Each structure stands twice: as C-alpha cells, then as structure tokens.
Amino acid sequence: MPSVFRTHYAGELSLALEGEVVAVSGWVKRIRDHGGLVFLEVWDRSGLVQVVADPTSADYEPMKQVRLEYVVKVEGQVKRRPSGTENLQHSTGDIEIRISKLTVLNACKPLPFLIEDDAEVQENVRLLYRYLDLRRPRMIENLRVRHSAMQATRKFLSDNGFMEVETPILTKSTPEGARDFLVPSRLTKGHFYALPQSPQLFKQLLMVAGFDRYFQIARCFRDEDLRADRQPEFTQIDIEASFLTLEEFLEVNERLVEKIFGELGIALERPFRRISYKDAIETYGTDKPDVRFGMHLKDLSAVFSGSSLEVFRKAMESGGVIKGLKPEGLKEFSPKEQSVLEEMARSVGLGGLTIVRREGSALKGRLTRHFSEAETSGTIETLGLGDGEWGILAVGPNAKLCTGLSQVRLYFRDKLALVPAGSHAFLWVVDFPLLEYDEAEGRYVSMHHPFTAPMDEDIHKLEQDPLTVRAKAYDMVLDGNEIGGGSMRIYNAAVQERVFSLLAISKEEARQKFGFLLDALAYGAPPHGGIAYGLDRIVTLVVGASSIREVIAFPKTQKGTCLMTQAPSPVSEDQLQELGIQLVKSKAEAEGLDV
RNA sequence: GGGGUCGUAGUUCAGACGGUUAGAACGCCGGCCUGUCACGCCGGAGGUCGCGAGUUCGAGUCUCGUCGGCCCCGCCA
C-alpha cells in the first residue's frame, strides 16, 4: 500500500527493483559513519535496508546528523551492492538505497536501553519503557504469532458454524472459583459488578437461547497471585456447543488445535492420546503431565512399610507415602549437583530427598545403611535401577509429594535434555473427579466448576459416594502445560440443584447467585458443553518464551501493577464520594505513622 | 500468607577477608576515517552503590528493616 511515506516496506526491496526510485520510512537501527561514506540501516516491521551516502550525494549532510532510532523517510535509487560487499545475513543484503532525499520525521532521545533482540535488559526497565521494548523484532514477532493464532481460530470456528458473540465485562460476582475483581456501581451505591473470571454462565445461556455453536476470544479476570504463566487478565479462546456428544466435541477441538498449530508451523498427530486423571497423578504426579519422556513416579510405600527409619515411619504413620523415580540416563551426579537438586526440591515443597545409587546389589546414599535387605532389593526392583543408576526417593503427604516430584521430573527433563527440540505431545486428560474435599472449608468443592456434568453412570452415587463420581470434564495438555479445559454441562435443573446442595450452596444462595441459570435450564436447555483455551499460554509455548508476559503487549508485574502507567493508583476524594466509598486507613496510618 | 533470588554509570556486569580516587564493555558527547554491516581508531562526560537505620576508626561489601523486579509454595472452579 504505497503512501507519501513509503513506496515499499524495507524488507520487500530486492534486486528485482534495481534502478527504481523508492521511498522507505522507518527507524534508524545502525549508523556506520566512515567520515566519507555513511551507512544507515533503516528498519520497519518488515525488515532492514541499508542506505548509503557519499560526500557527493544529495542530503549527505542530513545523513551525518541522524542518530539511533530517529524516524526517517529515505528516498533514493535501489542499487546492487558492489561485488564482495553483499551481506548474506539480511534478505536485502545484496542491495542498498543510494540516498537522494532524507527527511527526519522525528528525532529520538538517547535510549534507556539498546533495542536489540539479544540485549538482556532487566524486566522492570523493559516494562517501564514497554513501547521501546515492543520495538524489538522478537516482541513484534511474538505478537504476530499471537495474531495468527487468533486469525486461525476465527477462521476455523466460523467455517465450522461457530458464531462469535461478545458477553459482558461488567457482570455479577459469583461464589466458587477465583477471587473476583470488583467494580463499584455509581448508580446503585454500595453494589458492585465483578469482572468475569470467564464467560461461563453467558455461553451456557447462549446455548439455551439456541445459538448452537458459540465462540469468543474473551478477556478473563482473576484476582489471584501471579506466576510466570498467570496474569490477572488473560485471554481465552472460549467455545460452547450444543447437540454434540463429548466424543464429537473433542474431535472438533482436535481439528481446531490442528489448524491453529498448523498455521504456526507445528504439525500434530490425531487423535490425541488420552489419559485418566487418576493415571496421570499416579504416573506423573500431576494432572498436566509432559508425556514426551518416561521417568514415571513409583510408589515405594509397600517396600518400606516396616521401615526402621524414623523419618519414613513417622511420615507413613501420619498418612504419608514414599515415592521415587529414576532419572533416565543420569550418569555423573556430583555432590554439588545433588545439593542443587535438594535445594530445588525444597523450594517446591518437598521436605527432603534421599538420593541413592545402585552398586551391584547394594544401594549407596545418605540413609541407605538403615535400609533392610528387602527394602534395598525392593527399591532396586520398583525403580528398575540398573547397576550404577541413580534413584530419587521422597516421603510425605501424597499430594505434596506429587507436586514436588513432578517438578523434580521436569528438572531432570531439562537437565538431561530428555526431550528432543521441536517434539510435542498433545494429550487429553479425562475422567476427572467431579468434586474434591476442601479441608479448609470443610466441604466439597467443584474440581472444574459447579456446572460440570457428572458421568451418567455415576450420577446415582452423587449423594452416597460423591468423591468417586467422575465428571464429563477434559483438559488439553501440551508438553506439560494445561492449554485448555472444559466439560459437558449439566442441562437439567434438578441435577444442577443436587450438585449445588452437595457443594453446600443453599437453595436461597443458589437462587440468589444463579437463579437465572436455574430458570434457563428449566426452559428447554439443550445438551451442551464447551472448552476454553489459554491463548497466552499457547502462544508462549509456540514462540518458546519463558513467560506469558512475552506474548502480551502490556503485561502486569508479579504484584499486578503496570510499571508504565502506574496502575493501580489512588483516585480523588471526589471519585470516591461519587461511588459512596470510604477508604479504611491502613494500620500504619491509623497509628499515626508517617507513610 | 510463606520460601528463594536479584538491586552498583543510560544498559549489561565486575568489585578478594570491611580500607584510601568504585572499574569494564556497550550506549552518549567530541575528533579522525570512502565499502561498512556488532565498522575501526583517539579523547571526554557520566555514580545518592534501591531506600533507611545499625555495627565499626572506616560499609558498595557485615546486620536489621523497608521498597521494587523475578522464580516458587499456598492460591488460581
């Protein structure tokens, strides 16, 4: 699209245009001033082109005045570079623009950091000047991949009869789930909207309304603590469909994912492998296993049931278990490396590790002299230790052990390079329990959410044996990351009320919070179900970034602040008054301290 | 709520056991340089060592607190 500013993008120039007069606009990335000859590299979103001037050139003087990141328009003739001076690293490396006119469109102050892909700059500096950080080619590429993923999603789903519908951002606070972000209402003082944790209820209502197939690339909000893969606001590819069985629905989703990843250059095999929640936890210690390598967790509780070791016995008496794994292909494991592992294990909640090594029919390690013969041979057999191989043992409450050992497993995956670069494993995790027991709250809570349908054959156990009831729920896992999850929904008001009552949500509360949903389910709700994908995580995986902040244009810090805009920030007394809000003084202020 | 880690020039970092004037590279400013492409060479400016206490004759260095970035546990249906 030619304009006054450009006839071409810089990256489009080539020998085919030799001799033509072109105009390019962009930023000055490099200046090589030889006193006589001056070279500039001018960059735009498409790439770089070299501009050259010598003392006889028109606008030679302006060329000498240019500084890094000035915005310039250059006009001149496309020339083949003199033989021997081509630069094969750039697609435009065999040509250059002989300057005839240089226009400085805008100057640029000296930069807070160099805008280059390989400049390692502290993240707080990058976030403060995010607009400069985003000027780096890698960041633009990350967001381009994100754009492609969104486009592929919209194309595929539209082509398959799904309709994109927007749902409210100002909505109602609901119990269950994450903490809500609240928005005070001016018109109804003392009342609050909540930002949606997901469009969950609305998409189900759209199914009741007969939309049949819905999707939305939806912003979601959860006021919980942040992680490398969690932001307070994030984007879901949100989908809901009616009149599809679980199998049919999963099949559509596999095709969608094939399309998205295909667009991004990643081929995958269908149908996806499946694993039950129970098997995933037992074998990998997590419900989002990376199945590209083995190193399965083994239960050694039986082996050590009569252990004389106090740490083992005490842990098991208080309901704990002993589990272990064998790092595949681990040969050398120096004391220093061992302490690094132990440090890492502590940080993920493991009390301690026992590191053992098989030597002949014996085990060597810190605690092994307390092992009986049967315990030694049992450990060797259960972990499958060959001579000279290492084993890692840990003891503790099962849940904690699983979390920790699954991390240890990933630690060795990276340390021992167990997964070839570029290989991927897509996986469905299925057969989730409908409920789990929340010790802190003393009640059952939904594993997925309260609208998840129990499996038909388990419904009769709802009241008698709730923890064994399986849900029609599924997670999509890629290389150890949960990238999507969903379920078939309850579409019968009576079943929905039974589930609410199991969750200790009273009739009154259910009516108050979800009355509209219960009503809707009673007005001819079709069988339906859905899924939501974490777009940020998918893009992060595809571009190989270490945090979702790398694929979000303007992300928040771990404390939920934006370093660039300074949000969140105090508001004026007038604003508060209008909303009927009075701030409670912090403890320090109340005590009259200077804060 | 808890654990870990980092904070020194615009940027990335180095600063031995607490010692005299806190260094390097890149960037910035000035000079030289006609085929460079991370151009080269010479010179220069640039520092509240995050902030606040404390120990000490003396603190970038040790102690405590605090603020901020990052990683993790809890939390995130």
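Letters A, B, ... mirror the listed sequences (proteins, then strands); counts begin at 1. All values derive from a computational prediction rather than experimental measurement.
Of the C1' atoms belonging to B:G35 and B:G40, the separation is 13 Å, rounded to the nearest Å. For the C1' atoms, the distance linking B:G50 with B:G58 amounts to 23 Å, nearest Å. B:C73 sits 39 Å from B:U56 when the C1' atoms are compared, rounded to a whole Å. For the P atoms, the distance from B:U12 to B:C6 is 16 Å, rounded to whole Å. As rounded to the nearest Å, B:G46 and B:A59 have C1' atoms that lie 24 Å from one another. A distance of about 43 Å separates the P atoms of B:U20 and B:C33, rounded to the whole Å. Comparing the P positions of B:A22 and B:G65 gives a spacing of 30 Å, expressed to the nearest Å. Nucleotides B:G47 and B:A24 have their P atoms positioned 15 Å apart, rounded to a whole Å.
Checked options A:Arg130, A:Arg549, A:Lys556; the residue passing with A:Glu123 is A:Arg549 (criterion: salt bridge (charged side-chain N to carboxylate O under 4.0 Å, His left out)).
Side-chain atoms of A:Lys278 and A:Asp431, non-hydrogen and from C-beta on, never get closer than 4.5 Å to each other. Residues A:Phe451 and A:Ile490 fail the side-chain proximity criterion, which asks for heavy atoms closer than 4.5 Å.
Among the heavy atoms of the strands, none lies under 4.0 Å from A:Thr452. Residue A:Arg126 is out of contact with every strand shown, counting any heavy-atom pair closer than 4.0 Å.
Applying the 90° cutoff around 0 to the glycosidic angle, B:C62 is assigned anti. Look at B:A53: its glycosidic torsion is beyond 90° from 0, and that puts it in the anti range.
In this entry the distance linking CZ of A:Arg130 with C1' of B:G69 reads 14 Å, nearest Å. If you take CD of A:Gln566 and P of B:G68, they are 11 Å apart, rounded to a whole angstrom. A:Gln558 has its CD atom 13 Å from the C1' atom of B:C6, to the nearest Å.
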Sub-3.5 Å pairs of nitrogen or oxygen atoms, protein against nucleotides 10-14 of chain B:
{"from": "B:G10", "atom 1": "O2'", "to": "A:Pro112", "atom 2": "O", "distance (Å)": "2.6"}
{"from": "B:U11", "atom 1": "O4'", "to": "A:Pro112", "atom 2": "O", "distance (Å)": "3.2"}
{"from": "B:U12", "atom 1": "OP1", "to": "A:Gln122", "atom 2": "N", "distance (Å)": "2.5"}

What protein N or O atoms touch nucleotides 73-76 of chain B N or O atoms at under 3.5 angstrom, if any, and at what distances?
{"from": "B:C73", "atom 1": "OP2", "to": "A:Arg227", "atom 2": "NE", "distance (Å)": "2.9"}
{"from": "B:G74", "atom 1": "N7", "to": "A:Arg227", "atom 2": "NH2", "distance (Å)": "2.8"}
{"from": "B:G74", "atom 1": "O6", "to": "A:Arg227", "atom 2": "NH1", "distance (Å)": "3.0"}
{"from": "B:G74", "atom 1": "O6", "to": "A:Arg227", "atom 2": "NH2", "distance (Å)": "3.3"}
{"from": "B:G74", "atom 1": "N1", "to": "A:Asp225", "atom 2": "OD2", "distance (Å)": "2.7"}
{"from": "B:G74", "atom 1": "N2", "to": "A:Asp225", "atom 2": "OD2", "distance (Å)": "3.4"}
{"from": "B:C75", "atom 1": "O2'", "to": "A:Glu224", "atom 2": "OE1", "distance (Å)": "2.6"}
{"from": "B:C75", "atom 1": "O2", "to": "A:Arg230", "atom 2": "NH2", "distance (Å)": "3.2"}
{"from": "B:C75", "atom 1": "N3", "to": "A:Arg230", "atom 2": "NH1", "distance (Å)": "3.2"}
{"from": "B:C75", "atom 1": "N3", "to": "A:Arg230", "atom 2": "NH2", "distance (Å)": "2.8"}
{"from": "B:C75", "atom 1": "N4", "to": "A:Arg227", "atom 2": "NH2", "distance (Å)": "3.4"}
{"from": "B:C75", "atom 1": "N4", "to": "A:Arg230", "atom 2": "NH1", "distance (Å)": "3.2"}
{"from": "B:C76", "atom 1": "O2", "to": "A:Arg230", "atom 2": "NE", "distance (Å)": "3.3"}
{"from": "B:C76", "atom 1": "O2", "to": "A:Arg230", "atom 2": "NH1", "distance (Å)": "2.9"}
{"from": "B:C76", "atom 1": "N3", "to": "A:Arg230", "atom 2": "NH1", "distance (Å)": "3.0"}

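Taking the six-membered ring for Trp and thresholds of 30 and 60 degrees, A:Tyr437 and A:Tyr444 have ring planes more than 60 degrees apart, a perpendicular arrangement.
Listed by first then second residue, pairs satisfying salt bridge (charged side-chain N to carboxylate O under 4.0 Å, His left out) with a partner in residues 43-62 of chain A read A:Asp54-A:Arg98, not counting sequence neighbours. Listed by first and then second residue, the salt bridge (charged side-chain N to carboxylate O under 4.0 Å, His left out) pairs that reach into residues 475-485 of chain A are A:Arg292-A:Asp479, sequence neighbours excluded. Every pair passing side chain to side chain donor-acceptor pair (under 3.5 Å) that includes a residue from residues 393-414 of chain A is listed here, sequence neighbours excluded: A:Asp290-A:Arg413, A:Lys323-A:Asn398.
A:Lys172 is linked by a side-chain hydrogen bond (donor to acceptor under 3.5 Å, both in side chains) to nothing, counting only residues two or more places apart in sequence or in another chain. Considering only residues two or more places apart in sequence or on other chains, A:Tyr193 meets the ring-ring contact (aromatic ring centres under 6.0 Å, His included) condition with none of them. By the side-chain hydrogen bond (donor to acceptor under 3.5 Å, both in side chains) test, A:Ser487 is found to be paired with A:Thr452, A:Arg489, residues two or more places apart in sequence or in another chain being considered. Shown here are the side-chain hydrogen bond (donor to acceptor under 3.5 Å, both in side chains) partners of A:Arg537, two or more places apart in sequence or in another chain: there are none. For A:Glu436, the side-chain hydrogen bond (donor to acceptor under 3.5 Å, both in side chains) criterion is met by no residue, not counting sequence neighbours.
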Would you be so kind as to tabulate the donor-acceptor pairs closer than 3.5 Å made by side chains of residues 28-39 of chain A, with sequence neighbours excluded?
{"from": "A:Lys29", "atom 1": "NZ", "to": "A:Glu69", "atom 2": "OE1", "distance (Å)": "3.3"}
{"from": "A:Lys29", "atom 1": "NZ", "to": "A:Glu69", "atom 2": "OE2", "distance (Å)": "2.8"}
{"from": "A:Arg30", "atom 1": "NH2", "to": "A:Glu116", "atom 2": "OE2", "distance (Å)": "2.8"}
{"from": "A:Arg32", "atom 1": "NH1", "to": "A:Glu41", "atom 2": "OE2", "distance (Å)": "2.9"}
{"from": "A:Arg32", "atom 1": "NH2", "to": "A:Glu41", "atom 2": "OE2", "distance (Å)": "2.9"}
{"from": "A:Arg32", "atom 1": "NH2", "to": "A:Gln50", "atom 2": "OE1", "distance (Å)": "3.1"}
{"from": "A:Asp33", "atom 1": "OD1", "to": "A:Gly35", "atom 2": "N", "distance (Å)": "2.8"}
{"from": "A:Asp33", "atom 1": "OD1", "to": "A:Lys64", "atom 2": "NZ", "distance (Å)": "3.1"}
{"from": "A:Asp33", "atom 1": "OD2", "to": "A:Lys64", "atom 2": "NZ", "distance (Å)": "3.3"}

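With a cut-off of 3.5 Å on both pairing distances, the Watson-Crick or G-U wobble partner of B:U5 is B:G69. The partner of B:C62 is B:G54, by the rule that a Watson-Crick or G-U pair needs both atom distances under 3.5 Å. Pair assignment for B:G40: B:C32, on the basis of Watson-Crick or G-U wobble contacts that are both within less than 3.5 Å. In this structure B:C17 sits in no base pair that meets the Watson-Crick or G-U test at under 3.5 Å. Under the Watson-Crick and G-U wobble criteria, each requiring two contacts below 3.5 Å, nucleotide B:A25 is paired to B:U11.
Judged by closest nucleotide on RNA chain B, A:Lys64 is the one of A:Lys64 and A:Leu563 placed further toward the 5' end. Nearest-nucleotide assignment on RNA chain B puts the 5′-proximal partner with A:Ser546, out of A:Phe451 and A:Ser546.
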Going 5' to 3' through nucleotides 34-47 of chain B and flagging B where a protein heavy-atom sits under 4.0 Å of the base, S where only the sugar-phosphate is that close, and - otherwise, we get BBBBSB--------
